[in-house]
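Each chain gets a letter, A, B and so on, in the order the sequences are listed, and its residues count up from 1.
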Amino acid sequence: MVNFNRLFSQLFKQKSKTTYFIFMIQLATVLVISFFFIFKSTFKSLIGFLMAVIALIIGTSFIAEFIYLIITSWQNEKINRSQTWRLAPMSAGKIYLDNTLSSFVAYMYLFVLQVISCLLLVGLSYSISGQFRHAINTGFGHLTKDDIWINMAWSSINWTLVLESFVFFILLSLAFYITVSFFNFSTRSIIDFLSGMSSRFVVGLVRLILIGLICWLIIEILQVLPEDTMFSSQIGNGNDVWYMARLLIEFLIFDVVFGSINVGLVDKFVEAKQNN
Amino acid sequence: MEDLLAVKDLTYKKNQKVILDDVNLNLQPGKIVALLGENGAGKTTLMRVISGMAKNYRGSVSIDGSKKEADRKAKLAFTDGLTGFSDSTKIKAVVQFYRNIFQDFDENSFERLRQFMKLDPEMKLSQLSRGMKEKLIIALTFARKADLYLLDEPFGGIDAMARKKIINSIILWKNEKATILISDHFVNEIATLLDEVVVLKDKTVFAHKSADEIRAHHKSIEEYYEGLYEDEEDE
């Protein structure tokens with residue numbers, strides 16, 4: 001466990017650099033767009049600029065997170081086969097778990113940075129703009145004066161569904177990392193068994209066949225699942241807590257099964273890249 | 001005395017090609033052992049199998065009785081090419097990585113070795129010549145208090161003078177009970193250090209002799225080693 005934590009902190013340090021990098025790019029992009037938006041708009045004020053920044057941070061967060069997933073997937077696979085990292089005194093399977101987990105935690109960190117930056121901007125807007133302060137105070141004052149409004153506001157939120165959606169977000173991100181590693185590990189294991197004379201064409205063909213196989217497997221899983229799951233017919237019926245719970249179980253099973261296969265593959269077959 | 005390293009009936013295949021076939025090797029603690037063989041004889045592969053970097057082999061490998069990959073890795077220090085770091089990584093960041101990952105990494109030892117190798121901790125990996133990088137790798141490897149050191153052609157890019165100094169000092173950097181397995185083409189230069197010689201030939205351990213025994217029957221270890229290939233050259 002000591003080694004696991006030590007490696008985790010080292011990996012997280014590396015992954016958080018990507019988090020900061022993407023967050024800075026996102027922030028810079030948002031600032032530039034907001035500037036042009038205010039410049040062209042008739043509503044030229046600091047509060048308008050800040051509101052535009054907040055809206056754009058929220059709007060671009062999905063793109064930033066998707067880019068993060070792509071970059072860290074590539075980083076993960078590089079580390080999974082790096083002799084430098086694989087020499088850490090742990091089994092290859094544990095190094096893989098540490099690697100995936102650190103990417104995921106740094107991913108959550110990006111999410112937290114986005115939330116904090118929005119909250120700070122709201123705080124800044126509140127402190128500098130009387131108009132904004134008035135709007136907030138009026139809104140909250142209204143709520144606190146009448147308990148019915150508070151009750152209505154709270155009861156309109158389905159907290160179970162909010163929690164389930166958060167867990168779904170976690171399991172989906174993990175599923176992405178796990179699928180990329182499964183493709184990489186299975187391809188690597190098969191290529192190592194092929195004759196050394198195999199051409200690039202054969203290696204490419206193996207990769208293509210594996211992509212096809214993974215797609216076929218996912219389709220088969222979807223067909224085996226009962227009709228009333230989100231995978232098949234009820235996409236968009238997000239209010240159903242039970243159906244969301246079922247979806248979570250399906251993703252959990254996917255993550256556990258394919259995660260375990262990956263641990264087995266990296267422990268038994270996937271070699272560190274020779275780098276001397 | 002119990003063996004520090006025990007390789008038993010090891011066979012390793014990759015891409016349908018047998019690279020190591022029925023290798024048996026036992027090394028005792030406190031020895032400095034040369035691993036000799038032609039290019040492609042399987043020296044690096046054997047070290048990679050011992051260190052858990054190469055997979056899917058038959059047979060068993062144990063270090064101080066431990067067969068598990070994690071335990072083996074904790075007991076050995078393997079010269080690594082440092083390719084897991086980007087070129088912009090500074091030496092001091094690499095040291096921090098080693099300190100965090102390896103519990104047996106001794107920063108004071110590294111500092112002494114760094115000064116010996118004349119390396120600036122502020123230098124980036126991209127600024128290091130091949131020789132300087134090899135010096136850094138040697139310093140990082142010996143800063144660990146390992147039971148088994150695996151040195152895979154560690155001196156290739158180091159100039160003759162520095163190489164001589166490093167080779168003469170190696171014995172001072174290791175614990176008395178630690179064993180060094182070193183593969184190198186400069187047989188003559190490391191010859192004075194050696195306790196044993198292992199020759200890999202025809203995919204297996206062709207010979208495993210004590211250095212004293214070789215010296216008693218041949219002019220030098222290099223002559224003995226070259227003699228193993230004379231018949232092939234004649235053909």
*Please state whether the side chain, the backbone, both or neither of A/Ile95 comes within less than 4.5 Å of a heavy atom of chain B.*
side chain
*Please test A/Gln83 against B/Thr83 for side chain to side chain contact (heavy atoms under 4.5 Å, CB included), starting from the C-alpha separation and ending with a verdict.*
CA-CA 8 Å; A/Gln83 183 173 295; B/Thr83 51; 5.6 Å; no
Can you establish whether the number of heavy atoms outside [X] located under 6.0 Å from its atom [atom1] is more than 12?
{"X": "B/Lys174", "atom1": "NZ", "result": "yes"}
{"X": "B/Lys133", "atom1": "NZ", "result": "yes"}
{"X": "A/Phe35", "atom1": "CZ", "result": "no"}
{"X": "B/Glu122", "atom1": "CD", "result": "yes"}
{"X": "B/Lys124", "atom1": "NZ", "result": "no"}

*Looking at B/Ser51, B/Ala70, B/Gly156, B/Ala77, which makes the most heavy-atom pairs under 4.5 Å with chain A?*
B/Ala70
*Would a distance-only check, ignoring hydrogens and angles, find a side-chain to backbone donor-acceptor pair under 3.5 Å from B/Asn56 to A/Lys268?*
no
*asked:* Checking the side chain of B/Lys55 only, and the main-chain atoms of A/Asp267 only, is there a donor and an acceptor separated by less than 3.5 Å?
replied: yes
*Segment of B/Lys17 engaging chain A (4.5 angstrom heavy-atom cut-off)*: neither
_Heavy-atom cut-off 4.5 Å, strictly under: side chain, backbone, both or neither for B/Glu153 against chain A?_
neither
Approximate separation, where rounding is to 0.5 Å, of [X] [atom1] and [Y] [atom2]:
{"X": "B/Phe78", "Y": "A/Arg86", "atom1": "CZ", "atom2": "CZ", "result": "13.0 Å"}
{"X": "A/Ser91", "Y": "B/Arg72", "atom1": "OG", "atom2": "CZ", "result": "11.5 Å"}
{"X": "A/Glu271", "Y": "B/Arg48", "atom1": "CD", "atom2": "CZ", "result": "5.5 Å"}
{"X": "A/Ile191", "Y": "B/Lys14", "atom1": "CD1", "atom2": "NZ", "result": "10.5 Å"}

*Among A/Lys94, A/Lys78, A/Arg81, A/Lys13, who wins on heavy-atom pairs under 4.5 Å with chain B?*
A/Lys13
*What heavy-atom pair brings A/Leu87 and B/Phe102 nearest, and what distance separates the two atoms?*
O-CE2, 3.4 Å
*Closest non-hydrogen atom pair, B/Gln16 against A/Phe193*: NE2-O, 2.6 Å
_Contact between A/Asn3 and B/Gln103 at the side-chain level, heavy atoms closer than 4.5 Å - yes or no?_
yes
*asked:* Quick check: do B/Asp152 and A/Gln274 have side-chain heavy atoms less than 4.5 Å from each other?
replied: no
_Option from B/Asp71, B/Ile101, B/Leu76 for which side-chain contact (heavy atoms from CB on, under 4.5 Å) with A/Pro89 holds_ = B/Ile101
